[in-house]
Amino acid sequence: MDKMKFETPALAERNIDKIAALFPNCVTETADGNGGVRRAVNFDTLKQMLSGDIAEGNEAYEFTWVGKKAAMAEASKPTRKTLRPCKEESVDWDNTENLYIEGDNLEVLKLLQESYLGKVKMIYIDPPYNTGNDFIYDDTFKHSQEEENEQIGMFDEDDNRLFKNTDTNGRFHSDWCSMIYPRLLLARNLLSDDGVIFISIDDNEVENLTKIGKEIFGDENYVNALKWKRKKQPSFLSRHIAPVMEYVLIFAKNSEKLGKLSVESISDATKKVINISNHESTRVFKAGVEVKGLENGVIPKGRYTVKTMTVEYLDDVIVENYHTVYPVTVKAKFLNTQDKIDEFADNKLLYITAAKGLRRYVSADESNKEKSITDLLLDWGDNQDSEKEQKEILGNKYFDYTKPTLLIHNLVKSCTFEDSIILDFFSGSATTAHAVMQLNAEEFAGGGEYIRPQRRRTAQVYYGAAA
């Protein structure tokens with residue numbers, strides 16, 4: 001037997017449901033008088049939706065949120081903090097060109113303005129995604145939030161505070177936008193005229209971040225939104241579709257001065273045939289391959305390491321007049337297939353160094369080509385790869401939602417060159433630093449000589465305890 005109901009239905013809630021079904025943009029939130037929020041109808045918006053004429057009221061083309069003015073003011077606030085060197089915690093302090101700063105990244109970005117203004121070639125950040133939880137970024141604004149709300153007009157005629165539709169509370173998006181806005185304002189100042197920033201983001205804030213980025217950098221300097229496949233397999237728990245993509249937004253300091261973004265950038269003369277991230281495999285080098293630095297003699301079969309490159313010759317390398325006499329089987333982490341190795345050998349592009357390293361010359365056709373990256377990144381690593389990397393390097397998984405090294409490696413490679421400075425001010429697990437050092441190691445490898453003498457400097461900024 002059903003229990004008797006001793007209250008009438010909540011007719012107002014039912015009516016709001018009906019309005020929300022027809023006009024979802026007219027439903028907001030308001031204070032319930034008990035410290036919480038309840039749904040309400042924005043009658044000005046509803047009036048406009050039901051009117052064929054323009055309703056009364058001021059309007060402007062703008063993107064705003066609760067607390068935007070305070071976020072803008074925060075970027076201009078001076079800081080009295082300073083950077084303190086920790087030589088006892090550093091490695092090779094006198095010679096290293098890498099810098100790792102521990103502290104509130106908003107304060108550190110302000111401190112970097114004087115020394116690095118207009119000097120940073122590339123910034124990559126992977127900011128905390130908006131999950132609806134409280135942020136660890138407890139920025140202090142000049143005015144109280146209540147003052148800001150009043151200035152922005154976030155109260156209705158009954159002095160109730162109105163908010164836009166949210167997932168968990170009235171300031172779901174506002175808090176996140178207020179966190180990222182001043183940091184991007186300061187980051188733009190650090191970029192060189194040909195500089196570029198890459199920002200990883202998911203569906204929750206990609207639209208808002210795009211609008212913020214266009215406002216700070218300018219519409220004309222919005223380059224693209226790359227789509228990165230972060231999962232090998234979709235989740236079976238998804239309600240409607242199973243998302244496997246995230247985004248990497250790209251903004252230039254000056255799009256007219258930003259060159260082509262390419263991972264196939266060509267050096268003056270040579271390219272590698274080994275990639276230290278690949279698995280080992282064997283290739284056969286035909287007779288007649290050039291040997292640099294050894295006119296006549298023998299490189300005994302065996303395993304040799306030059307810089308970060310390990311090569312194993314399974315046959316003695318017999319050399320006459322700077323060229324191999326017989327075919328040689330080589331084991332290494334090859335970047336190219338056997339067919340490509342044959343092609344390089346046939347066209348006299350492949351060579352061995354006297355220090356037992358491998359390299360190849362760039363063909364005339366290649367030297368005139370650069371292949372731009374595409375906006376769909378399918379083979380640039382994924383979350384499973386990043387977890388595997390953590391366990392291999394650290395012995396366990398200590399960070400959640402890290403990015404794979406290959407993703408950052410390719411982004412850095414696409415736009416940086418000799419003496420480029422790279423900045424990451426949401427450092428986390430320091431994947432950016434790892435990728436930069438790996439890329440430098442790859443490009444300095446090559447038979448004991450600087451085949452491609454390029455070096456990149458990375459400055460990591462980590463949010464944590466005040467330093």
Using the rule given for salt bridge (charged side-chain N to carboxylate O under 4.0 Å, His left out), can you reason through Lys229 versus Asp382, listing the C-alpha separation, both sets of side-chain angles and the distance that settles it, and then say yes or no? CA-CA 7 Å; Lys229 186 177 180 182; Asp382 54 44; over 6 Å; no
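- Contact annotation: the side chain of Arg283 approaches that of Ile341 to within less than 4.5 Å [non-hydrogen atoms, C-beta and beyond].
- Summarising the geometry, atom CG belonging to Leu411 is positioned 7.0 Å from atom CG belonging to Leu226; distances are rounded to the nearest 0.5 Å.
- Side-chain atoms of Thr79 and Glu107 include a donor-acceptor pair closer than 3.5 Å.
- The 12-atom threshold is exceeded at CG of Asp92, counting heavy atoms of other residues, nucleotides or ligands nearer than 6.0 Å.
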Test side chain to side chain contact (heavy atoms under 4.5 Å, CB included) on Arg359 and Ile274 and set out the steps. CA-CA 8 Å; Arg359 200 78 181 181; Ile274 289 176; over 6 Å; no
Step by step, would you call Glu387 with Asn383 a side chain to side chain donor-acceptor pair (under 3.5 Å)? CA-CA 6 Å; Glu387 290 183 9; Asn383 286 344; over 6 Å; no
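- Every residue was checked against the side chain to side chain donor-acceptor pair (under 3.5 Å) condition with Arg188, not counting sequence neighbours, and none meets it.
- Remark: the backbone N or O of Leu423 is not paired with any side-chain donor or acceptor of Lys121 at under 3.5 angstrom.
- With Ser200 as reference, Tyr124 is the one residue of Tyr247, Tyr124, Tyr401 to meet the side-chain contact (heavy atoms from CB on, under 4.5 Å) rule.
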Steps toward side chain to side chain contact (heavy atoms under 4.5 Å, CB included) verdict (Thr432, Lys403): CA-CA 9 Å; Thr432 303; Lys403 294 298 184 288; over 6 Å; no
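- Annotation: side chain of Val108 is not in contact with side chain of Asp104 (no heavy-atom distance under 4.5 Å).
- With contacts defined as side-chain heavy-atom distances shorter than 4.5 Å, the pair Asp202/Tyr129 qualifies.
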Is there a side chain to side chain contact (heavy atoms under 4.5 Å, CB included) between Leu191 and Val196? Walk through the geometry before answering. CA-CA 7 Å; Leu191 285 177; Val196 61; 5.9 Å; no
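- Under a cut-off of 6.0 angstrom, the local environment of CD in Glu392 is crowded, with over 12 non-hydrogen atoms contributed by other residues, nucleotides or ligands.
- Counting non-hydrogen atoms of neighbouring residues, nucleotides and ligands closer than 6.0 angstrom, the CD atom of Glu207 reaches no more than 12 such neighbours.
- With sequence neighbours excluded, the residues satisfying side chain to side chain donor-acceptor pair (under 3.5 Å) with Asp346 are Lys286.
- Without hydrogens or angle criteria, Glu389 side chain to Thr405 main chain gives a donor-acceptor distance under 3.5 Å.
- Note that the CZ atom of Phe425 and the CG atom of Leu109 stand 5.5 Å from one another [nearest 0.5 Å].
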Check the pair Lys292 / Tyr322 against side chain to side chain contact (heavy atoms under 4.5 Å, CB included), numbers first and verdict last. CA-CA 7 Å; Lys292 277 182 172 289; Tyr322 295 108; over 6 Å; no
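- Using cut-offs of 30° and 60° on the angle between ring planes, the pair Tyr351 and Tyr361 is tilted.
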Would Thr310 and Thr305 satisfy side chain to side chain donor-acceptor pair (under 3.5 Å), going step by step from the backbone distance to the final call? CA-CA 4 Å; Thr310 298; Thr305 298; 3.1 Å; yes
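- Between the Trp228 side chain and the Gly381 main chain, a donor and an acceptor come within less than 3.5 Å of each other.
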